[in-house]
Number of protein chains: 2
Amino acid sequence: MKKAPGRTRDAILAAAASAFAARGFSGTSVDTIAAASGFNKAMIYYHFRNKKGLYVEILRSVFRFMGSRAADIADSDLPPPAKIEAFIDALDSMAATRPYMPPIMMREMAEGAVHLDSGTLRLMAAIFNNLRRILDEGLAKGVFRPAHPVLTYFTLISPIIFFRGAAPIRVALGKTHLPDVRVVDPAAFVANVKSTAITVLTAGATGARSPRPPRRRGRTNRPGDHA
Amino acid sequence: MKKAPGRTRDAILAAAASAFAARGFSGTSVDTIAAASGFNKAMIYYHFRNKKGLYVEILRSVFRFMGSRAADIADSDLPPPAKIEAFIDALDSMAATRPYMPPIMMREMAEGAVHLDSGTLRLMAAIFNNLRRILDEGLAKGVFRPAHPVLTYFTLISPIIFFRGAAPIRVALGKTHLPDVRVVDPAAFVANVKSTAITVLTAGATGARSPRPPRRRGRTNRPGDHA
DNA sequence: GTCTATATCGGGATAGAC
DNA sequence: GTCTATCCCGATATAGAC
């Protein structure tokens, strides 16, 4: 049925990503992945060295992709605040497009990145460094105030990853124990993260012109959207 | 050597919490926990039903503790902004005192809370509801603007959990790939989360008197980090 | 490249002595 | 309450046919 070159590999990778996201590395059996991919278990060992090899391959692609997007944004000619917004948008759209990313990232964080070889760690560091470049540029241009890059990094990344990654538990809790809580639109959440970031970064900057005054768009924050 | 009543149980719980945090539920073997606790594997099955029973016991204690702290704060007579700060402080001090908490929470989020029975989910919901009470009180008193509780919840929780939970990878990355990055003081990070939260919540509130004008302490944050 | 066995072993769980 | 010994399933990994 399925014969295209590299197709098998991709099917396995896709199935594995979802499975690893849902149940973690050791919680996922190779048989499960094989079944989900539509192929046999032996194919996994044919295309990848072993279970960990498959897992690391996924991690690498995740961080590589994020790193290249971050580099594109940092290299662009957008003004720094727009770069920050683009950075957040990119992160969120990746999380939305590839729902396996947030859980996998959360698990790796919790695990202390023991599965990450030096090359993959470099990819992670690259993402951070691109954010740092944006911050430095904004500072040099006088549109950002000084901000610790690590602190900023976590403040931007964590809400997106957490919100997207916690989607299943969020809806489960909403249905059973918090039925009166209005569902949160992901776009509203992202808009909120963006406007928060911009305001924090631009407030008190040395430079005169704040190229994009922090206004709220969307109805993230409107009278009466409390519970 | 160790004979005090309930001491064995506690030793097992402590060893299990660390192990589960580091390697997850299925990544941790019962033998490992037994060895770390100083007891034998059979003792685990004597004191707890099975591996999952032990795990759920830990989850329950975590959420119960957080829930009771949150309730205390919500019930206190502090002004709402101080309650928010106390809420954040409590969360962070729990994460600092019990380093196993952030990783376990991150893993449970990623897993969609499949290990959580209805009772434990109620405990989680209780934490959220206490935050919501604080927000409602602030709104009623005119010191907070309307804010969606879920959005606020994630914005407060995720940076703390992420930052504390990612401590191992943070230092590892810092040493190997980002040697020039200044180490972030957890206290500075928490201060930043607090001042951001307060400013966001109080900005544009209807009420006249803001019982605690959002001033920043520490140098994490300065003029106008609202949004 | 893809499949069907199958070897091998780790780990959850229990029996039963002390 | 605590230990040793053991059962046994499930999961990684491989051999080898097609």
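Numbers restart at 1 for each chain; the letters A, B, ... are given by sequence-line order, proteins then strands. All values reported here derive from a predicted model rather than from experimental measurement.
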Quick one: which protein N/O atoms are closer than 3.5 Å to N/O atoms of nucleotides 4-7 of chain C? Pair and distance per line, please.
| unit_1 | atom_1 | unit_2 | atom_2 | d |
| --- | --- | --- | --- | --- |
| C:dT4 | OP2 | A:N40 | ND2 | 3.0 |

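Listed by first then second residue, pairs satisfying side-chain hydrogen bond (donor to acceptor under 3.5 Å, both in side chains) with a partner in residues 161-175 of chain B read B:D92-B:R164, not counting sequence neighbours. Residue pairs meeting the ring-ring contact (aromatic ring centres under 6.0 Å, His included) criterion with at least one member in residues 88-126 of chain A, sequence neighbours excluded, are A:F25-A:H115, A:Y55-A:H115.
The backbone N or O of A:M94 lies less than 3.5 Å from no partner atom in the side chain of A:T97, so there is not a single donor-acceptor pair. At least one donor-acceptor pair closer than 3.5 Å links the side chain of B:K83 to the backbone N or O of B:A74.
A straight line from CD1 of B:I12 to P of D:dG1 spans 11 Å, rounded to a whole angstrom. With rounding to whole Å, B:F39 atom CZ is found 9 Å from D:dT2 atom C1'.
The cationic atom of B:R98 (NZ for Lys, CZ for Arg) lies less than 6.0 Å from the six-membered ring centre of B:F65 and within 45° of the ring axis.
Of all the residues in residues 15-30 of chain A, not one reaches under 4.0 Å from DNA chain C with any non-hydrogen atom. Near-neighbour residues of DNA chain C inside residues 44-56 of chain B, defined by a heavy atom below 4.0 Å, number-ordered: B:Y45, B:N50, B:K51.
When only modelled atom types and interatomic distance are considered, A:T152 and A:T155 share no side-chain donor-acceptor pair under 3.5 Å.
Contact record, A:S26 with B:R23: OG-O, 4.4 Å, taken as the closest heavy-atom pair.
Comparing D:dT2, C:dT2, C:dG11 by their nearest atom to the side chain of B:D31 picks out C:dG11.
Here B:R122 does not pair with B:D117 in a salt bridge; the nearest charged N to carboxylate O distance is not below 4.0 Å. Contact check on A:R9 versus A:E57 returns a salt bridge, with a Lys/Arg side-chain nitrogen under 4.0 Å from an Asp/Glu carboxylate oxygen.
For the salt bridge (charged side-chain N to carboxylate O under 4.0 Å, His left out) test, no residue two or more places apart in sequence or in another chain qualifies with B:D72.
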